[in-house]
There are 2 protein chains.
Amino acid sequence: MTNLTYIEDLSAKAGQEVTLQGWLYNKRSSGKVRFLILRDGTGLVQSVMVKGKIPEADFAAFDRLTQESSLWVTGLVRAEPRAPGGYELDLTSVHPWHLAQDYPIAPKEHGVDFLLNHRHLWLRSPRQQAILRVRDEIIRACRDFFGERRFILVDTPIFTPTACEGTTTLFETDYFGDRKAYLTQSGQLYLEAAAMALGKVYCFGPTFRAEKSKTRRHLTEFWMLETEIAFAELEDIMALAEALICAIIQRVLATRVKELTALERPLGPLEAIQPPFPRLSYTAALERLAAGGHQVPWGEDLGAPEESFLSESFDRPVLIHRYPKNCKAFYMKPDPGDPRTVLCVDVLAPEGVGEIVGGSQREDDLEALLERLEEHHLPREPLEWYLDLRRYGSVPHSGFGLGLERLVAWICGLHHVREAIPFPRLMDRLAP
Amino acid sequence: MTNLTYIEDLSAKAGQEVTLQGWLYNKRSSGKVRFLILRDGTGLVQSVMVKGKIPEADFAAFDRLTQESSLWVTGLVRAEPRAPGGYELDLTSVHPWHLAQDYPIAPKEHGVDFLLNHRHLWLRSPRQQAILRVRDEIIRACRDFFGERRFILVDTPIFTPTACEGTTTLFETDYFGDRKAYLTQSGQLYLEAAAMALGKVYCFGPTFRAEKSKTRRHLTEFWMLETEIAFAELEDIMALAEALICAIIQRVLATRVKELTALERPLGPLEAIQPPFPRLSYTAALERLAAGGHQVPWGEDLGAPEESFLSESFDRPVLIHRYPKNCKAFYMKPDPGDPRTVLCVDVLAPEGVGEIVGGSQREDDLEALLERLEEHHLPREPLEWYLDLRRYGSVPHSGFGLGLERLVAWICGLHHVREAIPFPRLMDRLAP
């Protein structure tokens, strides 16, 4: 492996002999010339065998090499402006490692069920590789964003002891025979405790929802980035969410245009994502919806059609803030300016994508929080530890969560979130 | 929040008036002078009130301020060589936010059960903050290490469909009424599939073990970093694991000496962690053990006492390679030089810490792998997808896994891994 060259590095090796290891993506033949298109996980390169310029046995290997056979080759790197990566390889030797027999994913079209059943192989397709590389870049952009701003990563637990908001969408497991553990749906409550210790914190891990939903926006297992900041108010986290989204888009545009192009993802809509993002109160959003023919009575939550309409009304993400109290979770702080509403924000991505971020200022007053628990018919005992945060040096604080797969789907231009995660888990899919 | 200064930034503000927000860590009084020691998650600073130089009402607030009360203050930053951070604050105003009543964690000693029951508050202690900051730095060092080397992050699934190595240490959950899902113990098999697509990959997420074990090295939920590389052999991943550990230690020594010092963690043993690490075959390790009075018959696995002995024999991590086949998992490739052994490596950290990394070259031959499955009495059907990786362009490949909490415990000098994770989950602990 030591002297291995990767395809993405060929531009630095023009005129030199290199060794590549990889898999056969495709091949073709033209007279005395044979073309092997190789992939190695970093790119594709066309490699050329000319009869008489390569040992006869190596030339003959062409016939045996099938799609996805593994091989190592040596060759001279030659600039070739017409080649996709700008370089080709003039082969001097070809060594098959292992010949694949009847690789199931032929270049023809397959149904999505077939492809998901072969997810372990489907990942090898250029399209799936491109999505995974964009996903990787987005995750690193998120982590760099918070790291540079000196937020501390605090991994919140997956196992939680109580189903304080009801068990209907929770996965549960037996915990050593004497109790149940529930799989987390959000690290927020724990992150609030950590923010009281460390000031600015974030977490980024898997979360779980046992929702009986088969829409293109639902996974049973998905990754969520969450942040919480002591002394931050709603305005602060609205600005932070805007800066985060811009930083992610800029990073992907700086480093992953090749992949976005492979995905046929138009770049224009991403290049338009610049601050400031439009901001609308819920009440103003209702007016805009009404003008567009969507009548929503004040106090009702926005559904997918309304989110899509708003999302398509702008060329960049729109921040909808101050929803009615009854649409939102118990921990959100009412707006002193209009206590029927809470200090919350949803960020809707453009192009009809809908919600990618949800956040709020948290209720920091113990008595007010106890009232909200009663209104929501939530038991108090399992939340006593959380209430402690309002007993011992309570401070204003705010945070938000960002759903990774919806963000990846938006940036990559995917119709369904199932392609935005390496091994998707859906209501009817748990394998491979 | 906008004009807020953090304590860790005071050195850049000497002579200026700043506003800090935080919590009261401690206070004391001396004649007409009152001292408030504040914390804000980034550090501690001593703040000085002198009667007559601050409004009378603000001066009087001193008496009401209790441990962990929240407040904001303004003051002039003054260099003070005797102060822990090098700076003090001459207060011009003091505004309590919220007064804490009877904060349960007094400066006195508490039992660990009491502290774990109050984990949501215990995180505020300087010691726990220091651990969490080192943990954050270690995680970022790991991710940067792989990102800089252009590995692609591939998040492997938490839900897995089969208990192919038995259910005794697996957590299981009902999956929509028609089947069981099991919580992952390792992403390795999935990562092998991803390596065949992308070449060099890693994952870093929570893993679960329902082990009825109460040792100081076990958690039921812990984080694991795993990597897998196509075309890599055992030697390659031994070198990579060594480079990774050195990079992590160097990073922590470059950025977190303050925290290590707060933890009273001697730096010398960490500074000694330099390449090359000693390497011993299992067979050579047995000889060394025998010379030290530990007789282990060839073929038996090393237990905790043997690992501790070896770990204490060196001033840096030691790589023990080529264990007997029967001690290790089915997917490890036998050593062609001695087929009784497999091409594997365990890295034992010094100071008696024991194993922190386990890795191997993987069996890449379909027939040999099928034989290993039979030897291990493992069912073939649930692993058919994994066997596909040996059917379609199989290549030599290798990888390893690193347990995060053991690494954090070692670097921080902790006796028990329960302090190395924000909200530990143990056999008898699932809350808060």
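Quick note on labels: first sequence line is chain A, next is B, and so on, each numbered from 1.
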Practice problem: Using modelled atom types only, decide if a donor and an acceptor are shared between the side chain of A:Arg39 and the backbone of B:Ala197 within a distance under 3.5 Å. | Solution: yes
Quiz item: Are A:Asp9 and B:Arg150 within salt-bridge range, i.e. N to O under 4.0 Å?
Solution: yes
Quiz item: Atom CG of B:Leu123 and atom CG of A:Leu198: how far apart are they, to the nearest 0.5 Å?
Solution: 7.5 Å
Quiz item: Roughly how far apart are B:Met196 CE and A:His120 NE2, rounded to 0.5 Å?
Solution: 12.0 Å
Exercise. Below 4.5 Å from any heavy atom of chain A, which atoms of B:Arg119 appear? Answer side chain, backbone, both or neither.
Key: neither
Practice problem: Could you check which of B:Met427, B:Arg133, B:Arg390, B:Gln67 has the highest count of heavy-atom pairs closer than 4.5 Å to chain A? | Solution: B:Met427
Quiz item: Side chain, backbone, both or neither: which part of B:Asp102 has a heavy atom under 4.5 Å from chain A?
Solution: backbone
All N/O donor-acceptor pairs, side-chain side in residues 151-160 of chain A, below 3.5 Å, sequence neighbours left out:
residue: A:Asp155; atom: OD2; partner: B:Arg135; partner atom: NE; Å: 3.4
residue: A:Asp155; atom: OD2; partner: B:Arg135; partner atom: NH2; Å: 2.6
residue: A:Thr160; atom: OG1; partner: A:Tyr182; partner atom: O; Å: 3.0

Self-check item: Leading residue by heavy atom contact count with chain B [cutoff under 4.5 Å; candidates A:Glu211, A:Glu384, A:Glu192]
Solution: A:Glu211
Quiz item: For B:Phe146, does the CZ atom sit with more than 12 other heavy atoms under 6.0 Å from it, leaving out its own atoms?
Solution: yes
Quiz item: Relative to chain A, which of B:Tyr103, B:Phe171, B:Trp122 shows the most heavy atom pairs under 4.5 Å?
Solution: B:Phe171
Practice problem: Quick one: closest heavy-atom pair of A:Phe204 and B:Trp223, and the distance? | Solution: O-CH2, 3.9 Å
Quiz item: Between B:Thr173 (side chain) and A:Thr173 (backbone), is there a donor-acceptor pair under 3.5 Å?
Solution: no
Quiz item: Based on non-hydrogen pairs under 4.5 Å, which of B:Gly205, B:Pro206, B:Ala194, B:Ala239 is most in contact with chain A?
Solution: B:Pro206
Exercise. Sort B:Trp72 into side chain, backbone, both or neither according to what part of it lies under 4.5 angstrom from a heavy atom of chain A.
Key: neither
Quiz item: When only pairs under 4.5 Å are counted, which of A:Pro432, A:Gly199, A:Ala193 shares the most heavy-atom pairs with chain B?
Solution: A:Pro432
Exercise. Kindly compute the distance separating OH (A:Tyr392) from CD (B:Glu68), expressed to the nearest 0.5 Å.
Key: 11.0 Å
Quiz item: Within the distance-only criterion (no hydrogens, no angle test), does the side chain of A:Trp23 pair as donor or acceptor with the backbone N or O of B:Gly393 below 3.5 angstrom?
Solution: yes
Self-check item: Interchain contact, A:Tyr202 with chain B, by part (heavy-atom threshold 4.5 Å)
Solution: side chain
Self-check item: Side chain, backbone, both or neither of A:Ser394 within contact of chain B (heavy atoms, under 4.5 Å)
Solution: both
Quiz item: chain A contacts: which residues in residues 124-131 of chain B have a non-hydrogen atom closer than 4.5 Å to it?
Solution: B:Arg124, B:Gln129
Practice problem: Counting only heavy atoms closer than 4.5 Å, note whether B:Pro424 contacts chain A via side chain, backbone, both or neither. | Solution: neither
Quiz item: Does a side-chain N-to-carboxylate-O contact under 4.0 Å join B:Asp144 and A:Arg143?
Solution: no
Quiz item: Among B:Glu235, B:Glu172, B:Arg140, which has the most heavy-atom pairs under 4.5 Å with chain A?
Solution: B:Glu172
Self-check item: Per-residue contact mode, B:Ile139 against chain A (heavy atom under 4.5 angstrom)
Solution: side chain
Quiz item: Between atom CZ of B:Phe423 and atom OH of A:Tyr190, what is the distance when rounded to the nearest 0.5 Å?
Solution: 7.0 Å
Self-check item: chain A contact via B:Leu183 - which portion, at a heavy-atom distance below 4.5 Å
Solution: side chain
Quiz item: If you tally heavy-atom pairs under 4.5 Å against chain B, which of A:Asn117, A:Asp136, A:Leu121 wins?
Solution: A:Asp136
Quiz item: Picking from B:Lys212, B:Arg179, B:His118, which has the most non-hydrogen pairs under 4.5 angstrom with chain A?
Solution: B:Arg179
Quiz prompt | Region of A:Phe208 that comes under 4.5 Å of a non-hydrogen atom in chain B | solution = side chain
Self-check item: chain A contact via B:Arg425 - side chain, backbone, both or neither, heavy atoms under 4.5 Å
Solution: both
Quiz prompt | Contact class of A:Pro96 relative to chain B, heavy atoms under 4.5 angstrom | solution = neither
Quiz prompt | Distance-only side-chain donor-acceptor flag, B:Thr220 / A:Tyr175, under 3.5 Å | solution = yes
Quiz item: Can you say whether the rings of A:Phe231 and B:Trp97 are parallel (under 30°), tilted (30 to 60°) or perpendicular (over 60°)?
Solution: tilted
Quiz item: What residue, out of A:Pro104, A:Ala195, A:Gly147, A:Ser69, has the most heavy-atom pairs lying under 4.5 Å from chain B?
Solution: A:Pro104
